[in-house]
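Notes follow once the structure below has been shown.
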Amino acid sequence: MKLRITPLNICSAGLLVLAVYILINGASVAGSQYIHLGTAIGLIFLLFAFVVAFLDIMLRNFFPVTKSLWIVELSFITLVAIIFLLVK
């Protein structure tokens, strides 16, 4: 098994770090702390991390060449960011 670093791997690792940080320190919104929301927000980020990791595994099966995998995953991240900004 060859270890390949991909953009979705980096995103899932970042989401895991963010989830652990929120679970430990709690979440703050606009300067005031909501400790009771920290667990829910942390679990949501854990769910996002597992979904992104699963998507990465699926895309690895469809695109065996690393270069095309990077292009597809970066395109997916860009599309999600654009949709997020449009909805926001």
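Residue numbers count from 1 along this sequence.
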Please check this pair: side chain of Trp70 against backbone of Val65, looking for a donor-acceptor N/O pair closer than 3.5 Å.
no
Suppose we screen for side-chain contact (heavy atoms from CB on, under 4.5 Å). Which residues come up paired with Ser75, at least two apart in sequence or across chains?
Ile71
Show every salt bridge (charged side-chain N to carboxylate O under 4.0 Å, His left out) that has at least one partner inside residues 73-88, sequence neighbours left out.
none
If you measure from SG on Cys11 to CG on Leu55, what distance do you get to the nearest 0.5 Å?
10.5 Å
Apart from Ile82 itself, what residues make up its hydrophobic cluster when side-chain heavy atoms of I, L, V, M, F, W and Y under 4.5 Å apart count as a link, directly or indirectly?
Leu86
Ile44: what forms a side-chain contact (heavy atoms from CB on, under 4.5 Å) with it, not counting sequence neighbours?
Phe48
Taking C-beta and beyond as the side chain, do Thr6 and Ile10 meet within less than 4.5 Å on heavy atoms?
no
Considering all heavy atoms of both residues, which atom of Ala19 and which atom of Gly42 are nearest to each other, and what is their separation?
CB-O, 3.5 Å
Connected via hydrophobic side-chain network under 4.5 Å: Phe76 and Leu47
no
By side-chain contact (heavy atoms from CB on, under 4.5 Å) - contacts of Val72 (at least two apart)
Leu59, Phe63
For Leu18, the side-chain contact (heavy atoms from CB on, under 4.5 Å) test, sequence neighbours excluded, returns Ile22, Phe45
Could you list who else is in Val17's hydrophobic cluster, with ILVMFWY side chains joined at under 4.5 Å, directly or through other members?
none
Least distance between heavy atoms, Ala53 atom then Ser12 atom:
N-CB, 4.3 Å
State, with a plain yes or no, whether a side-chain heavy atom of Leu23 is found less than 4.5 Å away from one of Ile41.
no
Tell me whether the count of non-hydrogen atoms from other residues, nucleotides or ligands lying under 6.0 Å of CD1 in Ile5 goes above 12.
no
Min side-chain heavy-atom separation Val80-Ile77 under 4.5 Å:
no
Is there a path of hydrophobic side-chain contacts, each under 4.5 Å between heavy atoms of I, L, V, M, F, W or Y residues, that connects Val51 with Leu46?
no
Please list all pairs meeting salt bridge (charged side-chain N to carboxylate O under 4.0 Å, His left out) that have one or both residues in residues 45-63, counting only residues at least two apart or in different chains.
Asp56-Arg60
